[in-house]
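Please read the structure below before turning to the comments.
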Amino acid sequence: MSLPDPRQLERDCLTAWEHAFEPNPSAREKFYLTVAYPYPSGAMHVGHGRTYIVPDVIARFWRMRGREVLYPMAFHVTGAPVIGISKRIARGDEKAIRLYRDLYKVPQKTLEQFVDPLAIVRHFSEEYQRVMRACGLSIDWRRRFTTVDPQYSKFIEWQWKHLREGGHVTKGAHPVRYCPQCENPVGDHDLLEGDRAEIQKFVLIMFRWKDAFIPAATLRPETIYGVTNLWVNPRASYVRAIVDGAPWIVSREAAEKLSLQDHTVSIEGEIPGSALVNEKVSHRLCGEVPVLPASFVDPGMATGMVMSVPGHAPFDYIALRDLQSQGHYSHIQPVSLIRVPGYGDFPAKDAIERAGVKDQTDPRMEAITQEVYSAEFSQGKLREEFGGMTVREARESVGALLVARDGSKYMYEFDTRPVICRCGGQVFVKILHDQWFLTYSDPSWKAEVSAQIEKMVLVPPEVRAEFERTVGWLKDWACTRRVGLGTRLPWDPGWLIEPLSDSTIYMAYYTVAHHLKEFLPEELTPDVFDYIFCGQPCPDHPRKDMLAQMRKEFCYWYPYDYRFSAKDLISNHLTFQLFHHVAIFPPSCLPRGMVVFGMGLLNGAKMSSSKGNVFLLEDAVMEFGADTVRMFLVGSAEPWQDFDWRNELVQSTRKQIERFYNTIQESRTAPSEVAPIDRWLISRLQQHIQKTTQALEVFQTRQALQEAFYAIDADLKWHRRRIVPGTPGGGGVRELAHVWTRLMAPVIPFICERLWKEIGGEGLVSFADWPVPDQGKIDLNLELAEEMLLRLTEDLESIRKVIQITPRSLTICIAPAWKREIFAAVAGAADKTRVVKDIMGEERFRKKGKDAADAVRQCITHVHRLPPGLVEGYLAGNCDEREIFFSAIGFLEKEAGVPVTITDADAISHPRAKGALPLKPALILE
RNA sequence: GCGAGUGUGACUGAGAGGCCAAAAGUGACCGACUCAAGAUCGGUUCUCGCAGGAGUUCGCAGGUUCGAAUCCUGCCACUCGCACCA
């Protein structure tokens, strides 16, 4: 028997389910789960499939447990990517076209429409919905929306009004990576090189030179007091430029950079670096110092001029020493400025001498600089004459002082270079103005989020640390963009709200999304949302009843119970949405839990559309069937683990479903007699029900499947083996079939829907009652008895494997009573090291002599190797070996293939009989 | 580099101090059925053993313990995140 035609089966189910999963508030308890909605810019692959199928299994499970389950879906179309895609397609970019035409299988006609970015998201959101349906996802599609729907925009405007009123939005300047050629900020993925470069904030210290300023760039403004000279690269080219009205001397590169960072710059003339050597410059805080030449000065770094603090900066120290060793500048002495434990007056000197550095070209200089820098920053203190502050404090305050009193400016620069844009041009730091920020750095906002995280269920628990760390680490988030799709900032419509910032509380929107569609956007004023989501007084509105209805529905569903998402979103989306929730909703509506997913691999390699290493979900469903895809995806790894899609494993999953189908089908014609082995099957089943339930309650889909499928399957195998032809029994599978179909329904709903009908189940299995273990059907003694028989057959097998004779008979020798006493003594002994002495101390055992001593020793290892339950059951007198073996003698003879005799070990004189132990009879094959 | 996590037999992956040579699944091999193949069913799958046993394994190296895949320390490898990007 093979599976019914999958196309027909899937069609039937999809018809039956069409409107089945459209929950409304009811008297039942609710269960609301949401998944991060997709950005439909490409086709779904099996990795996406798991992201939505795992929650569906959970949804179906809770639905069967009687909850009103809400599993909604929408599409996130905000942002710039589709704009880039459509541009690339419009301009005939071969790579983009190949991706869409060949990999995503977009028909040529549709592809032509992709010059409109909205056409892309329209096409793929249709495709997503179609494929999600085909996968059997129990989604309430009435609530579907996209993030550019006008009603949704109204909702976002309302959200942002609140954020702003709550003081969570500020405006400011913001340094970004910027490509002057593209005239655009560049993100990580736009970089050819330098993606690890970070933006550092330098302080420019304005030294006076003749009528001009020489701005020396430093990350350590507090060391101004220890400056002995400046460094200039004599081979670099410098310019005199009017910066914000004052003449500055900086490297040529620096002049260009400054113009991107809020300065007006006009270059007046060139000055070779060498012309600055030996010039005198001065500053209020360090007096007059000379400019000296140094090759390590990089004209491409900041201003191309640096100040020299030889006492504390290894580069400065060694450069000075190099000059002095040639007999120059011997009057310059380092200034001791900072005390650090483990170093003398001049940490830079100590570090260099310890390392035995020869000159400034030594490759270890970077590391030594880092060492001194960290030591001074973390443990250093300024000397008393400079105020005695810690370096950490001084850096802040001296920097601020220099800016306030001495005309210092800030300048941004990358810590590593070069940074190259995809267009090939060099990337600079530019200061963007009028940028809006979400103030995630706000300590009181952070505190609220941390408090919320503490109350939440996080799955798996290991991610808690990462959430906590993310909250601590988040800085202000630039939340507006100039280009892309999305909602305009209500009070500053030149800006669009950026995608990670307009997708934080839409879980609330779902609760009433289907009703909101009935409203004109302009009807959805902020006070309407205030009423629905925050319980503010109901505004005067022509459709007050409807508003009241929505308020009721929101209150029923919210807060959501679980949010599901892949682990890469912890450090942004998942944490952001908590920030927004605590900012907007009352405590009763704050999220309860999150489940974080692992990533997907395809044949061991990372799945990646750009590398073409993807398997499309729709192809998978067509090839293997939706049930198979589902069962594989939830069964191959737990949700938070990475999973690996391998066709051969998927193929075998399909066979397992077939076996399941056949077993259930065959159960319909099973005999109706019920033998002890049937009671055993049903007894075991109760535990599988319990374990499956427990696993699903904590999202362990793989574990659940191990119990619900493989463990039951293994029991059935034993059950089949135990049935001796010609004897009554076998009816257990009938009862099992009813339970099994329901246990499997969340995972493979299509086939279970069909089977449920065929075995006479009421209604849809999707809404059938989840099985509940019946304690009355559990018979532990029966289970112990079967365990003993199983052990006996295993022993028998291993003996047969090593002997070479063909046996004619099997004798089973049961251990005598005195061995049972020893066994009990060993099992009950608290101190395992003394048990031999204790037992042999007893007269009745001692007179058995060596036999007893051997038995004790054997029992010690034996007891340890037995499952505790079996030992306990045996000691409680719940299994009589003789009775068990006698009643199964037909089975034992079938297994052994020879006549079986059961006897007491001390009733026969065969030497092997002596080896009999409790729960391990001696077997004699001869 | 920083932060979080993971390393188990051919592979996927359970196990979290004595039930452990280590579940389950896959693959491979051997049988049964079949003219045959496939499917299905049964068995084997670290090494040695003509009696149910013994030996060596759980990233590497040490340590704690009567006893370690499991606990501790160090190292190595891999995965994810490190922001204006979904």
Side-chain angles (χ1 to χ4, degrees), chain A residues 1-2 36 38-39 41 76 78-82 174 176-177 185-190 195-196 198 370 415-416 432 435 437 440 460 462-470 472-481 498-501 503 566-573 576 596 598-599 601 604 606 635-638 640-644 646 648-653 655-656 658-659 662 702-703 705-707 709-711 713-714 717 720-721 791-792 794-805 832-833 861-871 912 915 920-925:
Chain A
M1 217 175 333
S2 67
Y39 185 81
S41 67
H76 194 202
T78 316
V82 283
H174 178 54
V176 295
R177 287 187 296 227
V186 284
D188 258 350
H189 52 279
D190 294 323
D195 53 326
R196 286 238 306 264
E198 283 185 39
Q370 194 54 46
D415 60 346
T416 55
L432 283 189
Q435 175 62 258
F437 293 90
Y440 293 143
E462 297 85 66
V463 299
R464 189 171 292 277
E466 213 170 332
F467 273 105
E468 284 164 359
R469 198 197 122 268
T470 300
W473 161 86
L474 274 175
K475 301 190 184 78
D476 288 351
W477 179 261
C479 57
T480 51
R481 298 286 177 276
E498 162 285 330
L500 283 172
S501 304
S503 55
K567 66 178 167 190
D568 51 346
L569 295 188
I570 292 176
S571 65
N572 48 53
H573 168 73
F576 287 8
V596 174
M599 318 295 279
L601 303 177
K606 200 156 113 187
S636 66
E638 296 294 6
W640 42 90
Q641 298 171 325
D642 294 349
F643 76 95
D644 190 5
R646 286 175 194 260
E648 64 186 30
L649 294 183
V650 181
Q651 192 63 52
S652 79
T653 302
K655 285 181 200 155
Q656 279 148 357
E658 251 172 66
R659 192 159 71 236
N662 291 340
R702 180 189 156 92
Q703 180 61 32
L705 206 52
Q706 289 288 325
E707 285 296 329
F709 185 78
Y710 298 104
D713 197 43
K717 194 169 164 182
R720 268 195 303 276
R721 186 169 167 190
R791 287 176 164 271
L792 192 143
E794 281 168 0
D795 270 358
L796 185 62
E797 261 321 302
S798 62
I799 295 169
R800 277 207 293 212
K801 215 168 77 186
V802 282
I803 60 171
Q804 288 181 343
I805 57 161
K832 306 236 179 334
T833 52
T861 42
H862 186 44
V863 165
H864 273 148
R865 288 181 176 182
L866 290 169
L870 185 58
V871 175
R912 291 203 194 285
K920 194 173 181 64
L923 304 180
I924 303 169
L925 275 165

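Labels below follow one simple rule: chain letters A, B, ... track the order of the sequence lines, proteins then strands, and each chain is numbered from 1. What you see is a predicted model; the values in this text were computed from it and never measured.
- Nearest nucleotide to the E466(A) side chain, out of rA4(B), rG43(B), rA86(B): rA4(B).
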Pick out the pairs of N or O atoms, protein on one side and nucleotides 7-14 of chain B on the other, that lie under 3.5 Å.
from	atom 1	to	atom 2	distance (Å)
rG13(B)	O2'	R702(A)	NE	3.3
rG13(B)	O2'	R702(A)	NH2	2.3
rA14(B)	OP1	Q641(A)	OE1	2.8
rA14(B)	OP1	Q641(A)	NE2	2.2

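- Residues meeting the salt bridge (charged side-chain N to carboxylate O under 4.0 Å, His left out) test with R702(A), sequence neighbours left out: none.
- Across the interface with RNA chain B, nearest-nucleotide mapping of E648(A) and R469(A) shows R469(A) to be the residue nearer the 5′ end.
- Counting any heavy atom pair closer than 4.0 Å across all strands shown, H174(A) reaches a base atom.
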Quick tally for nucleotides 47-56 of chain B: nucleotides whose base has a protein heavy atom under 4.0 Å get B, sugar-phosphate-only ones S, the rest -, giving --BBBBSS--
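- Neither OP1 nor OP2 of rC41(B) sits under 4.0 Å from any side-chain N or O of K655(A).
- Not counting sequence neighbours, R720(A) has no partner by the salt bridge (charged side-chain N to carboxylate O under 4.0 Å, His left out) test.
- Take K920(A) and apply the side-chain contact (heavy atoms from CB on, under 4.5 Å) test, not counting sequence neighbours, and it matches D795(A), H862(A), L917(A).
- In this structure rA28(B) sits in a base pair with rU44(B), meeting the Watson-Crick or G-U test at under 3.5 Å.
- Across all strands shown, rG67(B) has no partner, as no Watson-Crick or G-U wobble contact with both distances under 3.5 Å is found.
- rU34(B): no Watson-Crick or G-U partner with both key distances under 3.5 Å is found in any strand.
- Atoms CG (N572(A)) and P (rC82(B)) sit 7 Å apart, rounded to a whole Å.
- For F709(A), the ring pair (Phe, Tyr, Trp, His ring centres under 6.0 Å) partners two or more places apart in sequence, or in a different chain, are W740(A).
- Two residues, E797(A) and A714(A), neighbour RNA chain B, and the one matched to the more 5' nucleotide by heavy-atom proximity is A714(A).
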